[in-house]
There are 2 protein chains.
Amino acid sequence: MNSIPEEATGRPLRKDAERNRRRILDAAGTLFAEQGLGVSLDEIAHHADVGVGTVYRRFPDKQTLIDALFEDQLDTIAGVAEEALAIDDAWEGLEHFFRVALEKQAHNRGLKELLLGAGISESGGCGPRGRDRIEPLVVRLVERAHDAGALRPDASPYDVPLVQLMVSAVADYTRDVDPEVWRRLLTVVLDGLRAEGHAHSPMPVPPLDRDGVLRAMSGWRPPRG
Amino acid sequence: MNSIPEEATGRPLRKDAERNRRRILDAAGTLFAEQGLGVSLDEIAHHADVGVGTVYRRFPDKQTLIDALFEDQLDTIAGVAEEALAIDDAWEGLEHFFRVALEKQAHNRGLKELLLGAGISESGGCGPRGRDRIEPLVVRLVERAHDAGALRPDASPYDVPLVQLMVSAVADYTRDVDPEVWRRLLTVVLDGLRAEGHAHSPMPVPPLDRDGVLRAMSGWRPPRG
DNA sequence: TCCAATTGGAGGACAGCTCTCCGTTTGATT
DNA sequence: AATCAAACGGAGAGCTGTCCTCCAATTGGA
């Protein structure tokens, strides 16, 4: 984020103000990652050991705070896509993109929500901005894999976000029980996405057990429609 | 549901009362299916052209209404698993279970939420009841497929609910844009789940296009944590 | 005709959110 | 040390949205 600690005015923030700004950003980062963009600013303020008023002086509204935090996280995802394109083998590249992008989303619920929906408000916010950078990279990643005959021919670039959605739904669901099982499902999906005639990849982690499934289920709350 | 139109008392409901009971059940069924268990009773009452009070006289609370509606829907899913076991070919059986169970969930958001979470309240409600019937059937379905060498050997019965979760997340996400794309993703997952050396199944429907993805994204609301 | 059953929907009680306001405290500057 | 703009905390206003209660008005059926 913006490492220059000043407002629109040229004057630098007072020492305590700057310290609190950091605290707020840290608390918000943690809470958004753990619980998603739904956390209230009251909660963030409390977790940052700061009054709500302080939060609102520094960030005029919630969206601004979200923007400040996630702007470069979206760039990070674009960066992953670029890394992936830099890998010579087309299939490995695609795999890399899925795996690493999903790792980030599995560790950060807020980022996942930002990537999947249009930001938090209907305004659209940062969704489009980040995605306009990411989309062409994904399209190239997929086309390249097609050209190399590595991807099943009937797969579309526009299946990619749906795969991300699918797997990160699992990551969300099982977060508190076993935060790594989503890797199994990604493995399955990738094997299903790959062109015919390749051996399956080994499952990277053991499955959930009966009790794990039950606990994941009972920890689940239906989303608001 | 209970087709005998009487309360705990032996007296049958007055004609208008019975008519309204049906209206409420119908409206609730529709709205739960479309929007999930989150819909308010006020909304249901309005959609049924009935006062809220009427709803509450007939169904003491929301959970009762949900139970009345979904009890047998859960049996239906168990029925699908039984159908699946009755199919000779183990792989076809498993495929049938996934496809048909997911069709039901894709058409009915409320059912999906009931299967995935522990009912609407922390009480557990109908979740466990239905699932105790379903689980052993799924285990047998999977074991049978393993014995037949049709399923990849490292797949576990407890991956099954996660697959359902994944695919129904797609169904939810794209419901308003193209309610059938989830079939593509199911195809991919099933191909990834099948033992090695089988040809891929053809994609049953065309992919989303760029605009479709965008519209799905903008229609998405982050769940409450 | 009559009355118990039924009805609609205003509104109480609660919960949770965003954001404002203002008396008090604090850091920097002189 | 004295001063004062800047920053602070947090009560609470104002909103939305839920579940559910209550009761005057209405209505089906004996």
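Throughout, protein chains are lettered first and strands after them, A, B, ... in sequence-line order, and every chain is numbered starting at 1.
For Leu190(B), the side chain to side chain contact (heavy atoms under 4.5 Å, CB included) partners are Trp91(B), Glu95(B), Phe98(B), Arg99(B), Leu186(B), not counting sequence neighbours. Qualifying side-chain hydrogen bond (donor to acceptor under 3.5 Å, both in side chains) partners for Arg215(B), counting only residues two or more places apart in sequence or in other chains: Asp211(B).
By the 4.5 Å heavy-atom criterion applied to side chains, Met217(A) and Tyr173(A) are counted as neighbours.
Sorted by first and then second residue, the salt bridge (charged side-chain N to carboxylate O under 4.0 Å, His left out) pairs with a member in residues 25-41 of chain B read Arg22(B)-Asp26(B); sequence neighbours excluded. Every pair passing salt bridge (charged side-chain N to carboxylate O under 4.0 Å, His left out) that includes a residue from residues 176-186 of chain A is listed here, sequence neighbours excluded: Glu103(A)-Arg183(A), Glu180(A)-Arg183(A), Arg184(A)-Asp159(B).
Contact check, Asn20(A) against dA7(D): no side-chain N or O comes under 4.0 Å of OP1 or OP2.
The nearest whole Å value for the distance from the CG atom in Leu65(B) to the C1' atom in dC19(D) is 13 Å. When the C1' atom of dG8(C) is taken as reference, atom NE2 of His47(B) falls 18 Å away, rounded to whole Å. One atom, CD1 of Ile24(A), and another, C1' of dG9(D), lie 12 Å apart when rounded to the nearest Å. Glu43(B) places its CD atom 9 Å from the P atom of dC19(D), with the value rounded to the nearest Å. The interatomic distance linking His46(B) (NE2) with dA10(C) (P) rounds to 11 Å, in whole Å. Taking atom CD1 on Ile44(B) and atom C1' on dT18(D), their separation rounds to 12 Å, with Å as the unit.
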Exercise answer: donor-acceptor pairs, residues 36-50 of chain A side-chain atoms, under 3.5 Å, sequence neighbours excluded:
from, atom 1, to, atom 2, distance (Å)
Ser40(A), OG, Glu43(A), N, 3.2

Exercise for the section: Could you encode protein contacts along nucleotides 19-30 of chain C as a string, one character per nucleotide from 5' to 3', using B for base contact, S for sugar-phosphate-only contact and - for no contact, with a heavy-atom cut-off of under 4.0 Å? Expected result: BB-----BSS--
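Distance from the side chain of Thr54(A) is smallest for dG9(D) among the nucleotides dG9(D), dC19(D), dA7(D).
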